[in-house]
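Note sheet for the following structure.
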Amino acid sequence: MVPLRAAFFDRPTERVARDLLGRIIETGTGATRCRARIVETEAYLGEHDLACHAAVGRTARTEVLYGRPGLAYVYLIYGMYWCANAVTRREGLPSAVLIRAAEPVEGVDLMWKRRRAARRLVDLTSGPGRLCQALGITGPEHHGKSWNQPGLRILEGRPAARGSIVVTPRIGISEAADWPMRFFVRDNPFVSAQAETRKFLRTR
DNA sequence: TAAAGGATTTTCT
DNA sequence: GAAAATCCTTTAC
């Protein structure tokens with residue numbers, strides 16, 4: 001399978017977020033290779049977007065967001081979990097897509113080992129922290145690296161059909177004006193079980 | 001099923 | 001010192 005190239009990520013962030021649905025995220029090589037089909041993403045648009053880490057400007061933490069399209073922005077959340085993003089748009093424009101959920105397609109045994117708390121299959125990769133744990137993505141190992149290299153890749157796969165994609169408005173899940181746009185595959189069981197998503201699915 | 005609280009560390013006020 | 005692009009467990013209805 002073919003990895004996505006930098007040009008894929010050098011486009012408006014919302015476009016990249018939508019187009020990543022159905023693509024294959026891959027970690028490891030040989031016996032440790034794991035693959036999963038991306039089913040949920042979020043768009044963080046830039047300094048003007050209060051939901052985006054780059055809203056605070058250029059700091060040590062946000063430096064990678066200003067980097068080349070196609071880099072991995074990996075950060076620690078709540079002191080415990082890693083979250084993985086793909087940097088979008090040209091160098092100097094700080095924006096990224098958070099990969100929130102995926103559907104395991106290869107290396108599932110290893111995912112079960114890494115996700116000790118998981119009881120059901122959907123617990124493996126339904127959420128940004130869970131996904132990183134299942135795939136073995138960490139800041140020390142992967143932050144600032146390219147998504148197009150052995151051991152850390154996003155492959156072309158087959159993009160999700162347009163009719164199967166749901167896009168939430170920035171205002172629509174919660175009242176917060178700084179809520180990000182969320183993109184996901186309709187009715188996919190791996191779409192994050194986060195309360196706001198469930199609420200949105202019920203009321204639409 | 002839902003709501004609440006704890007874990008744990010970095011970042012910024 | 002508080003909040004954070006989260007997850008897990010416990011407790012309550």
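The chains referred to below are lettered A, B, ... by the order of the sequence lines, with proteins before strands, and numbering in each begins at 1.
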query: Between Ile99(A) (CD1) and dA5(C) (C1'), how many Å, whole number?
result: 13 Å
message: Who clusters with Val2(A)? Use side-chain heavy atoms, under 4.5 angstrom, across I, L, V, M, F, W and Y, and order the result by chain and number.
response: none
message: Tell me the interatomic distance from Arg100(A), atom CZ, to dA5(C), atom P, rounded to whole angstroms.
response: 11 Å
task: Would you kindly give the CG-to-P distance between Leu131(A) and dT6(C), to the nearest whole Å?
output: 13 Å
- request: Could you list the residues that satisfy side-chain contact (heavy atoms from CB on, under 4.5 Å) with Leu50(A), not counting sequence neighbours?
  value: Ala55(A), Asp178(A)
- prompt: Of the residues in residues 48-67 of chain A, which ones touch DNA chain C at a heavy-atom distance under 4.0 Å?
  reply: Ala51(A), His53(A)
message: For Arg18(A), give me all partners under salt bridge (Lys or Arg N to Asp or Glu O under 4.0 Å), at least two apart in sequence or on another chain.
response: none
- request: Rounded to the nearest angstrom, tell me the gap between atom CD in Glu47(A) and atom C1' in dC12(B).
  value: 16 Å
Listed partners of Glu47(A) passing salt bridge (Lys or Arg N to Asp or Glu O under 4.0 Å), at least two apart: none
- prompt: Does Glu91(A) have any side-chain hydrogen bond (donor to acceptor under 3.5 Å, both in side chains) partners at least two apart in sequence or in another chain, and if so, which?
  reply: none
statement: When rounded to the nearest 0.5 Å, the distance separating CD1 of Ile25(A) from CD1 of Ile137(A) is 4.0 Å
task: For Ala17(A), check side-chain contact (heavy atoms from CB on, under 4.5 Å) against everything at least two apart and list the hits.
output: Thr41(A), Ala43(A), Val97(A), Phe183(A)
task: Figure out the CD/C1' separation between Glu42(A) and dA4(C), and round it to whole Å.
output: 14 Å
query: Closer than 4.0 Å, any side-chain N/O of Arg115(A) to the OP1 or OP2 of dC8(C)?
result: yes
query: What's the CE-C1' distance between Met181(A) and dA5(C), to the nearest Å?
result: 15 Å
task: Please identify each residue that fulfils side-chain contact (heavy atoms from CB on, under 4.5 Å) with His53(A), with sequence neighbours left out.
output: Arg61(A), Thr62(A), Leu65(A), Tyr73(A), Tyr75(A)
message: Is there a side-chain contact between Arg182(A) and the phosphate of dA5(C), meaning an N or O under 4.0 Å from OP1 or OP2?
response: no
task: Write down the distance between CG (Asn85(A)) and C1' (dT6(C)), rounded to a whole number of angstrom.
output: 14 Å
- prompt: Rounded to the Å, how far apart are Leu20(A) CG and dA5(C) C1'?
  reply: 16 Å
field: Point-to-point distance, once rounded to the nearest 0.5 Å, from CZ of Arg115(A) to CZ of Arg130(A)
entry: 6.0 Å
query: What pairs with Ile154(A) under side-chain contact (heavy atoms from CB on, under 4.5 Å), at least two apart in sequence or on another chain?
result: Leu4(A), Phe9(A), Leu20(A), Arg23(A), Ile38(A), Ile99(A), Trp147(A)
message: Pairs counted only when both distances fall under 3.5 Å, Watson-Crick or G-U: show me the 5' to 3' dot-bracket for DNA chain C, [ ] for pseudoknotted crossings and | for other-strand partners.
response: ||||.|||||||.
I'd like a list of close polar pairs between nucleotides 3-9 of chain B and the protein, N/O only, cut-off under 3.5 Å.
unit_1 : atom_1 : unit_2   : atom_2 : d
dT8(B) : O2     : Tyr78(A) : O      : 2.1

task: Run through the side-chain heavy atoms of Ile, Leu, Val, Met, Phe, Trp and Tyr, join any pair under 4.5 Å, and report what else lands in Leu93(A)'s cluster.
output: none
